[in-house]
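For reference, the structure discussed in these notes is given below.
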Amino acid sequence: MYKEVIGVIDIGSNTIRLVIFGLDEQYNYIEIQNIKTPARLSQYLITDKDGKNPQMAQDGIDKLIEALISFKVVAESFNVAQILPMATAAVRQSVNKASILEQVKEATGLDINLVSEEEEASYGQYAITHSTVVNDAITIDIGGGSCEITYYEDKNMVQYHSFPFGVVSLSKQFFQDKDHNDPNAIEAVQEYVRKQFKQFDWIKKAKLPIVAIGGSARNIANVHQRLVDYQMAGVHGYSMDEDDIKETLDLFISTDIDDMTDIEGLSADRKDLIIPANIVFLELFKIVKAKEFLLSSQGLREGIILKYINHTYNYPLDNQLIRVRSIRQVVRDFPINTVGAQIIVDIIISLYQQLCKLGLLTYSYETQEEIEFAAYIYRFGGFISPEADSQHTFYLLSNMNLLGFSHRKRLRLALLASYRNRSLFKQYLTNYENWLTDEEISNLEVLGGVLKFSSALNDSKTGPIEDLKLYRTKDKNYKLDIYHSTPVIAEKYRSMRHAKHFERALDGDLEIEFIQK
């Protein structure tokens, strides 16, 4: 089934996690197992009297070994060909790291790879640039014992810094023996973090989007989505602004520690750590003067597997073709009949370009790409129920984690690919009030109608249509000449029935003529 099965063990300062990926023939990485333990290794770091030279206590080493033994058993049960154990800040910062690695090797047989600060930053940035279409951004990944910030342009990292604090170390430094929402501790964290970030000119006033990865960011996004009754599933591509980040922080501060577990979307493992994380995100947003705060579900572990795939198999994963890969994923994951799909794509692209040349639509490559994707998977939900193919298509697309698509883009794709009629189209939009402008909705409805008409022109799935010519007649109406080489009984019947959908793109009446070549 898979050409290779790889296990990545992320030994973080807060959690230790095993993720098992299967690589298919197209080098897609499919997550087939994901387990974790909240080890909080950074709590086992003991410093000298000056607060320097951290050393991991034996209890922490034993906890690490216990987790690795368990994870190794799990990995073997999945026939993992290779395990990649990667350790970040807690082990990296330990003065006795050589002893840690030696004990782990002796007890488990695993060779831990110590991830440097630059590598840790680059793995996260690599995952982001291979899962989003944001070309320039500031990224943040706050773990238990360190915080990696990068600045990338044109998807290439140009600056990075690993700050010597994380959610566990901040909690230990400022909140120890205090309430989780102690106001003095909160103020102290704000001042400390602000001072740290202000050291770097490339962070100050960058005026770029911030893309966040890691468990703390996902938790905050999950909480916010529930606060606002967010309709769409998934946090990848979720966008927040400064007020949104303040809203979650205010919620955490105003909630007693015993009631934190009642906050929907918040992991119980993070109830005493989420305030420091939220403060860090908010302070960074202010200092960057960010445009928005975006979430990426793809982080360190995905960066590791992405680099492994590209370095091992001659770079098959292109960060410029993320959306294409996502559409291929839809086809891969569902039993979709794609016979004739490319023909529908060719038809709608031809009609779209001709409508633009006639001044009826405004051309953009982005729109052309969008309708191409929608045409390829048009009403694919029919594999669940042909009678409800539109409903199933809309639900699946609007709730799938489609890399490279913002949530707004995902909604647009779902509306196009599911288009059947105006009433269903409007019904789908009822849960997404104010997501799109009236002009966008009108344009999508027109394009959806053109897509439905295009599908009708390959109703037999035999590709009989060879050419299409749309032109304005002398009486300022329109004529569509459809050239075909083989019989088109099915296409003629279906397209005539759906001609009204195409006519919505016109400012006059439409005459259709089928011409045998």
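By convention here, the first residue in the shown sequence is residue 1.
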Can you list the residues that meet the side chain to side chain contact (heavy atoms under 4.5 Å, CB included) rule with Ser297, with sequence neighbours excluded? His236, Asn401
Note, Phe405 side chain near Phe373 side chain (heavy atom, < 4.5 Å): yes
Step by step, work out the side chain to side chain contact (heavy atoms under 4.5 Å, CB included) result for Ile304 and Met86. CA-CA 9 Å; Ile304 290 168; Met86 318 292 278; 3.5 Å; yes
Does a sphere of radius 6.0 Å around OH in Tyr395 hold more than 12 heavy atoms from other residues, nucleotides or ligands, not counting ones at 6.0 Å or beyond? no
Could you list the donor-acceptor pairs under 3.5 angstrom formed between side-chain atoms of residues 171-179 and any protein atom two or more places apart in sequence or on another chain?
residue : atom : partner : partner atom : Å
Lys172  : NZ   : Leu45   : O            : 3.4

Is there a donor-acceptor pair under 3.5 Å between the side chain of Thr338 and the backbone N or O of Ala341? no
Counting N and O atoms only, with roles assigned by atom type, does the side chain of Ser77 sit under 3.5 Å from a partner on the main chain of Val74, one being a donor and the other an acceptor? yes
In this structure, CD of Glu370 is separated from CG of Leu451 (nearest 0.5 Å) by 11.0 Å
Approximate separation, where rounding is to 0.5 Å, of His407 NE2 and Met232 CE: 7.0 Å
Are side-chain heavy atoms of Ile441 and Leu415 found at a separation under 4.5 Å? no
With Tyr151, which of Leu208, Asp136, Ile203 fulfils side chain to side chain contact (heavy atoms under 4.5 Å, CB included)? Leu208
Side-chain heavy-atom pair Leu416, Phe425 within 4.5 angstrom cut-off: no
For the student: nearest non-hydrogen atoms of Leu284 and Ile149, plus distance: CD2-CD1, 3.9 Å
Indicate yes or no for a side-chain donor-acceptor contact from Asp256 to the backbone of Asp258 under 3.5 Å, with no hydrogens or angles considered. no
Between Glu191 and Lys195, is there a salt bridge with N-O shorter than 4.0 Å? no
So NZ of Lys246 and CG of Asp241: to nearest 0.5 Å the spacing works out to 9.5 Å
Shortest non-hydrogen contact from Gly7 to Val80? N-CG1, 3.4 Å
Could you verify whether a donor N or O on one side chain and an acceptor N or O on the other, from Glu387 and Ser385, lie under 3.5 Å apart? yes
Which residue pairs pass the side chain to side chain donor-acceptor pair (under 3.5 Å) test with at least one member in residues 418-435, sequence neighbours excluded? Asp389-Arg420, Ser390-Tyr428, Tyr419-Arg504, Asn421-Ser423, Arg422-Glu445
Value rounded to 0.5 Å, distance of CD1 in Ile138 from CG in Leu294: 13.0 Å
For residues 318-332, which residue pairs qualify under side chain to side chain donor-acceptor pair (under 3.5 Å), counting only residues two or more places apart or in two chains? Arg323-Glu369, Gln329-Asp333
Checking side chain to side chain contact (heavy atoms under 4.5 Å, CB included) for the pair Phe380/Asn337: CA distance, chi angles, key distance, verdict? CA-CA 8 Å; Phe380 74 92; Asn337 181 6; over 6 Å; no
Over 12 non-hydrogen atoms of neighbours within 6.0 angstrom of CD in Glu66: no
I need the full list of side chain to side chain donor-acceptor pair (under 3.5 Å) pairs touching residues 212-229, with sequence neighbours left out, sorted by first then second residue. Ser216-Arg270, His224-Tyr238, His224-Asp244, His224-Glu247
Is it the case that over 12 heavy atoms from other parts of the model lie below 6.0 angstrom from the CG atom of Asp262? yes
Taking Glu366 first and then Lys409, would you say they form a salt bridge - that is, a charged N and a carboxylate O separated by under 4.0 Å? yes
Using the ring-ring contact (aromatic ring centres under 6.0 Å, His included) rule, collect all pairs that involve residues 284-308, keeping only residues at least two apart or in two chains. Phe281-Phe293
How about Thr129 and Tyr152: do any of their side-chain heavy atoms sit closer than 4.5 Å? yes
Residues forming a ring-ring contact (aromatic ring centres under 6.0 Å, His included) with Tyr27, sequence neighbours excluded: Tyr313
Could you name each residue pair satisfying side chain to side chain donor-acceptor pair (under 3.5 Å) that touches residues 284-296, not counting sequence neighbours? Ser239-Glu292
Between Glu148 and Ser162, a side-chain donor and acceptor under 3.5 Å: yes
What distance do Leu84 atom CG and Ile305 atom CD1 have between them, rounded to the nearest 0.5 Å? 6.5 Å
Indicate yes or no for a side-chain donor-acceptor contact from Arg412 to the backbone of Leu444 under 3.5 Å, with no hydrogens or angles considered. no
With side chains defined as the heavy atoms from C-beta onward, is the minimum distance between Thr37 and Phe71 less than 4.5 Å? yes
Using the ring of each side chain (for Trp, its six-membered ring), is Phe197 parallel, tilted or perpendicular to Phe163, with breaks at 30° and 60°? perpendicular
Exercise: identify the closest heavy-atom pair between Ala127 and Gly299: CB-O, 3.2 Å
Answer yes or no: is there a donor N or O on one side and an acceptor on the other, between the side chain of Gln196 and the main chain of Val193, under 3.5 Å? no
My understanding is that only residues two or more places apart in sequence, or in another chain, count here; which of them pass side chain to side chain contact (heavy atoms under 4.5 Å, CB included) with Ser442? none
Exercise: do Thr139 and Thr150 side chains pair donor with acceptor under 3.5 Å: yes
Checking Leu300 against Thr88 for the side chain to side chain contact (heavy atoms under 4.5 Å, CB included) test, could you report, in this order, the C-alpha distance in whole Å, the side-chain angles of both residues, the deciding distance, and whether it holds? CA-CA 10 Å; Leu300 175 71; Thr88 54; 4.0 Å; yes
Going through the checks in order, is the side chain to side chain contact (heavy atoms under 4.5 Å, CB included) test met by Glu302 and Tyr126? CA-CA 9 Å; Glu302 289 76 19; Tyr126 199 77; over 6 Å; no
Side chain to side chain, Lys271 and Ile257, heavy atoms closer than 4.5 Å: yes
May I ask you to test the Leu251-Thr255 pair for a side-chain heavy-atom distance under 4.5 Å? yes
Among all residues two or more places apart in sequence or in another chain, which pass the side chain to side chain contact (heavy atoms under 4.5 Å, CB included) test with Gln368? Ile349, Tyr352, Gln353, Tyr363
Does some side-chain heavy atom of Ile213 sit less than 4.5 Å from a side-chain heavy atom of Gln298? no
Contacts satisfying salt bridge (Lys or Arg N to Asp or Glu O under 4.0 Å) that involve residues 198-210 (not counting sequence neighbours) are Asp201-Lys204
Value rounded to 0.5 Å, distance of OH in Tyr192 from CZ in Phe165: 6.0 Å
Note: Ile322 and Ser131 closest approach over all heavy atoms is CD1-N, 3.7 Å
Check whether any side-chain N or O of Thr248 sits under 3.5 Å from a backbone N or O of Ile220 as a donor-acceptor pair, and report yes or no. no
Residues 11-23, side-chain donor-acceptor partners within the protein, below 3.5 Å, at least two apart:
residue : atom : partner : partner atom : Å
Ser13   : OG   : Ala90   : N            : 3.1
Ser13   : OG   : Gly145  : N            : 3.2
Asn14   : OD1  : Arg40   : NE           : 3.4
Arg17   : NH1  : Asn34   : OD1          : 2.7

